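As structure tokens, the structure follows; a few thoughts come after it.
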Number of protein chains: 2
Amino acid sequence: MSVQERKQRERADRERLIVATARELAEQQGWDAVTTRRLAERIEYSQPVLYSHFRGKREIIGAVALEGASEMAVAMRAATAAADTPRERVAALAHAYLDFADRNPAVYDALFQLDGGLAYAQDDTPEQLKDAFAALMETLSEVAGDGVDPGVFTEVFWASLHGIATLSRSRRLLPEDAEKRLELLVDRLAVL
Amino acid sequence: MSVQERKQRERADRERLIVATARELAEQQGWDAVTTRRLAERIEYSQPVLYSHFRGKREIIGAVALEGASEMAVAMRAATAAADTPRERVAALAHAYLDFADRNPAVYDALFQLDGGLAYAQDDTPEQLKDAFAALMETLSEVAGDGVDPGVFTEVFWASLHGIATLSRSRRLLPEDAEKRLELLVDRLAVL
DNA sequence: CTCGAATCCTAGCACTGCTAGACATCCGAG
DNA sequence: CTCGGATGTCTAGCAGTGCTAGGATTCGAG
């Protein structure tokens, strides 16, 4: 049975290679440049091989999104762990979020801008996404304020961060006010 | 010279027809369905005619965006004009904004999600866009709070609305909490 | 060693945005 | 009224897209 195991392992390796290559290509040249042909060429296989791993391009985007969600959760937890006060934790969280979006624009797009065929805010939402939301909520719960549902508060705070992330990346906001916007958001939304 | 004038008028009419048809098609079936072929067929001309009016598909999206920006500004001003207190004005503004995004998803996408080749937050930004931002700022300035730049405050409030609009439309937020999110946003961000 | 199954690739479909070049139509000068 | 030229429009085509049917090849089990 060892032969089959090796084949399975090789298949899993190749699947990871596809996702990693798609991500790399997307970060380098944008998702538009991630065509099935180019992707196939980079992994040194023919196009149909991609379809033996994923139903289509959208599922590849979804795979990159899930990978990104996990990393984002780690980044946010790491940032908040080092902070002492609630104020600092929220600020660190917001910074970590926007930093991630800034440094991994393609992954961020896969997560929140493109259609990766994933379910959000539902029962069948993948664990990685639930956990990323949980990472947000852990820090935001303590500053939601009395009588405000932590989930709703997290949604609002997240939406604000998302708006800032997307609008500033598409150059629809003034770049020089980035820090002021973040401070304002934290000071006003969080109840300290 | 009257012949030339008539021709110019007809050309302008056709241009409006193109934009209106593109918008209609996008609202009905999404921007993906707005192909140059389908669009050409609907206006009962051949494809190259589109390119005698616009440089390409992106410019058509841009034209729809500008049209939408004007309408959005009107809608927001109308909503705030009827309100008496600052609190009511901000709430009405936020409602009007999200309502517009909800009822004209394709136009909203053209404005803030897709690339219409337009400049934002710059000197050469089209008047329609500047005016839409101005409409936001008119109401938001009075609740920015002391020592906070109205422009920065408007950017933050707008980004929050944008985040809510996009995330809820892509079903990434719980639909049932829509009203709670809006109240929370207004209560926390605005200084009353 | 043979045979069947698993694996992979070539070739192609229907579509996309966009454009070159042929064709028709109509205007204004003579 | 005629004719040349400009203007307007269309047909046909290019290079690219996501995706897939069907044939060739490889490889392990018996």
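Note on naming: letters A, B, ... go to the chains in the order of the sequence lines (proteins, then strands), and numbering restarts at 1 for each one. Computed from heavy atoms alone, side chains included, the values below leave out hydrogens, waters and symmetry copies. Note that the coordinates shown come from a computational prediction; the quantities given were computed from them, not determined experimentally.
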What string of B, S and - do you get for nucleotides 9-20 of chain C, 5' to 3', if B is base contact, S is sugar-phosphate-only contact and - is no contact with any protein heavy atom under 4.0 Å? BB-B---BBBBB
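Within a 6.0 Å radius of CG in A:D13, more than 12 heavy atoms belonging to other residues, nucleotides or ligands are found.
With rounding to whole Å, A:Q29 atom CD is found 15 Å from D:dG16 atom C1'. Separating the CD1 atom of A:I60 from the P atom of D:dT17 is a distance of 14 Å, rounded to the nearest angstrom. To the nearest angstrom, C1' of C:dA6 lies 13 Å from CD of A:E10. Taking atom CD of residue A:E41 and atom C1' of nucleotide D:dG16, one finds them 14 Å apart after rounding to whole Å. Computed from coordinates, the A:H53 NE2 to C:dA6 C1' distance equals 13 Å when rounded to whole Å. If you take CD of B:E15 and P of D:dG8, they are 14 Å apart, rounded to a whole angstrom.
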Pairs under 3.5 angstrom only: tabulate donor-acceptor contacts from the side chains of residues 145-154 of chain B to other protein residues two or more places apart or in another chain.
{"residue": "B:D149", "atom": "OD2", "partner": "B:G151", "partner atom": "N", "Å": "3.2"}
{"residue": "B:D149", "atom": "OD2", "partner": "B:V152", "partner atom": "N", "Å": "3.0"}
{"residue": "B:T154", "atom": "OG1", "partner": "B:P150", "partner atom": "O", "Å": "2.7"}

Donor-acceptor pairs under 3.5 Å, side chain of residues 184-192 of chain B to any protein atom, not counting sequence neighbours: which ones?
{"residue": "B:D187", "atom": "OD1", "partner": "B:R87", "partner atom": "NE", "Å": "3.2"}
{"residue": "B:D187", "atom": "OD1", "partner": "B:R87", "partner atom": "NH2", "Å": "3.1"}
{"residue": "B:R188", "atom": "NH1", "partner": "A:A144", "partner atom": "O", "Å": "3.2"}
{"residue": "B:R188", "atom": "NH1", "partner": "A:L189", "partner atom": "O", "Å": "2.8"}
{"residue": "B:R188", "atom": "NH2", "partner": "A:A144", "partner atom": "O", "Å": "2.8"}

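Side-chain atoms of A:T36 and A:Q47 include a donor-acceptor pair closer than 3.5 Å. In the model, A:Y45 has no side-chain atom that pairs as donor or acceptor with a side-chain atom of A:H53 under 3.5 Å.
Taking the six-membered ring for Trp and the full ring otherwise, the centers of B:F100 and B:H95 sit at least 6.0 Å from each other.
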